[in-house]
Amino acid sequence: MLFGTDGAGDDLLVRRARVLDPVGCVDAVLDVRVDGGTITMLGERLGANGHRVLDGEGLVLAPAFVDPHVHLRTPGREDEEDLASGTKAAAAGGYCAILAMPNTEPVVDSAAVLGALVERARAEAEVPVGFFAAITKGQEGGELTEMVELAEAGAAGFTDDGRPVVAPGIMRRALQYNAVAGRRIALHCEEPTLSRGGQVHEGAVSAELGFGGYPSIAESLMVSRDLQIAGYEGQQIHLLHLSAKESVEAFRAARERGVRATAEVTPHHLCLTDDAVRTLDPNVKMNPPLRAEEDRRALVEALCDGTISAIATDHAPHARHEKEAPFEAAPFGVTGLETAFAALYTMLVEPGLVPLEVLLERLSDGPARLFGLEPPRIAIGAAANLVLLDLGAVWRVDEAGFRSKSANSWLLDETLRGRVRATVAAGRLAFAA
Amino acid sequence: MARVTPFIRDELLPPRRPPRRHLLSIADLARGDVERLLALSRQFARSLDRDVKKLPALRGRTVVNLFYEASTRTSSSFELAAKRLSADVMSIKSVGSSVDKGESLKDTALTLAAYDPDVIVVRHPEIGAPNLVAQHTAAHIVNAGDGQHQHPTQALLDLYTIEEELGGVAGIRVAIVGDVLHSRVARSNIQAFLLMGAHVTLVGPPTLIPRGIERMGCEVAHDIGAIAAADVVYVLRMQRERMREGESYVPSLREYSARWGVTAARLRPGQKVMHPGPMNRGVEIDAAAADAADALIERQVRSGLVVRMAVLYDLLTYDPAEVHVATRQEVA
């Protein structure tokens, strides 16, 4: 289900880092030895044995991150991102695995397109990549894709992300059929007649600035609907990029009723509100939009108590000339792989809103579990999926520093604290700075 | 007064000026800025009474009008304002320009920047377009209307008109009637009227009043009867070109007219009527109300000229730093 370049695992020694694996209950200053890509020893004063040594003094070594929601723009918009640049960006952000969305040109709606992507990943991916396939052909919301064949060809899950599945009847049919496909369905919840023309959250800011409004109910209405259908069909669903407090409430209530569902939230929805769009900067234009402070607080709360179990960047690269346009003309989406940890550390952990352990878990264990991936662990015998973090580093987000081909980041020119120093993905050192 | 000094070596020039100013939104103005602009407008109004109406103040300066949307009032007003101040004027409409060939706003701005204009006046259907032009040129930018967002010079000329007619704006009750949702004039005016101490009520169908707009400090009413308490009734056009198809903001223009049309019968003697133009007679306003003696609509257009002269002059000559120096000297 994850595909990447072949190769022997690395031999590494990470020296004297604070090894912090919240789920594995490890928090101690230790040396970690990796032989052929597998963690073989945890202890003090381990011998290097000719291995490459990573100095972890003063740094934190945690299980590497997993991003279940990334747009790699391949095939079709390789000018914005391709598998090589996207996985390089992922590695720089501390990610050992990412899942790519199928809203490409052409859409990943057949085993043929999926197969071609798998081949490219085997040739180019610096970090293992999984690929979602579409729920409906062309993501048009009309006919189901050949879900069983796609699952067998290696699809990580199914989603029409970028668009909602509009017709309840089709949504039901997809969930019903998915029982034999056996992969999780991830849903972009948006009622299109309510969101139509909406550029930013419908609220005091849109009223004042004159932007078309995209109300919270456009999302929560579909969230409620999809949860009900999932409950009726007894199928598990995953809710993508939740943004509204009403969605969180509906989600909690459904889970209490016994509906099996999971949800994710993006770094930008955890850190920003619709006040950010007062700058009229298209780099804060996303779908779903940034909402009000009460929505942000509800999302942070749900993240803390585990209702929302995963952070997903929804990394959405866009060509510079498309974002260098008036707000209303610019496409929706911002990049996020390379800044996710630092942004969340600076804006949530440092002010004491979210404990570091919780953040690390929601960036790694939570996302891995969503789609049946092996959660990264720092334990003897585990595959080495590690991220070395410098919590004291202070750095400015600079366009020139991105490994992604695109620079449409909501953090341009911001100063952040916390930086990835090294990433080991599937046993190989994918990034070191 | 800022002067162009092309032949002096860099090290002999005075220390760096503060970043260049623009007029992008009423939200960026303080009360003092508005008062200064209105005072300037009154000065320029006096010049209109002379036989030779031209003033040399902006001689040698270049003003570019960049209009991506239809306009009669605003474009002619800015063009004449610049010419009356002896500036060189270039008017570019998007239709018939390389915009027809798909040239982006950024590239258009860069092209104009090559001519080193002093001011670019921008009207565009999208919010933030003037801000984008400001990013890519060194000119002072005036927002002549960006999508549904702001039309600051309209608000200034409306304030000026009310001041001239009623002696002041503070304490005046204004009712803004109609399609507030799609109206940049409404947004600029709400801010401008409130800034200068007026009381603002928005009147219209619930589908055309933005949700949460009360946070700006105004009141909302859905019954046309609410205009009875107003000193000034400000009528907005139904912005049909900004309404998305099939959205059903109002069931029909007939119902809109019947319920919210400003007719002479709905007005009481002494109430002033204003409209930013262009009017759809018979829809939001009837002919009798539009042509009545208490209608200030023509006066608004005349105000537009002197207010825009004031805006151009102020952008190119006012230096906040100089004001501080002058004050210090007075104190000493």
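Letters A, B, ... are given to chains in the order of the sequence lines, protein chains preceding strands, and every chain is numbered from 1.
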| query | Got a sec: does the NZ of Lys93(B) have more than 12 other heavy atoms crowding it under 6.0 Å? | reply |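 Atom NZ in Lys93(B) is not packed in, count stays at 12 or less.
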
| query | With chain A, which of His124(B), His149(B), Arg215(B) has the greatest number of heavy-atom pairs at distances under 4.5 Å? | reply |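 Winner by heavy-atom pair count: His149(B).
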
| Most chain A-contacting option - heavy-atom pairs closer than 4.5 Å, from Ile127(B), Asn131(B), Asp107(B), Val180(B) |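 Most pairs with chain A among the choices: Ile127(B).
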
| query | Going by heavy atoms in the side chains, are Arg196(A) and Glu247(B) under 4.5 Å from each other? | reply |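 Yes, at least one pair of side-chain atoms sits under 4.5 Å.
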
Does any heavy atom of chain A fall under 4.5 Å from the side chain of [X], the backbone, both, or neither of them?
X	result
Leu105(B)	side chain
Glu214(B)	neither
Pro130(B)	neither

| Backbone N/O of Gly213(A) and side chain of Arg211(B): donor-acceptor pair under 3.5 Å |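 No, the answer is negative, given that no donor and acceptor are paired below the 3.5 Å cut-off.
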
As an exercise, state the distance from [atom1] of [X] to [atom2] of [Y], rounded to the nearest 0.5 Å.
X	Y	atom1	atom2	value
Asp146(B)	Leu280(A)	CG	CG	7.5 Å
Glu328(A)	Gln148(B)	CD	CD	6.5 Å
Gln135(B)	Glu324(A)	CD	CD	8.0 Å

| For Ala204(A), is it the side chain, the backbone, both, or neither that has a heavy atom closer than 4.5 Å to a heavy atom of chain B? |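 Ala204(A) touches chain B through backbone and side-chain heavy atoms alike.
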
| task | Would you mind checking which part of Glu208(A) comes under 4.5 Å of any heavy atom in chain B, side chain (CB onward), backbone (N, CA, C, O), both or neither? | result |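 Backbone plus side chain of Glu208(A), per the 4.5 Å heavy-atom cut-off to chain B.
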
| field | Contact summary for Leu132(B) and Pro326(A), nearest pair of heavy atoms | value |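 Between these two residues, the closest heavy atoms are CD2-CD, 4.3 Å.
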
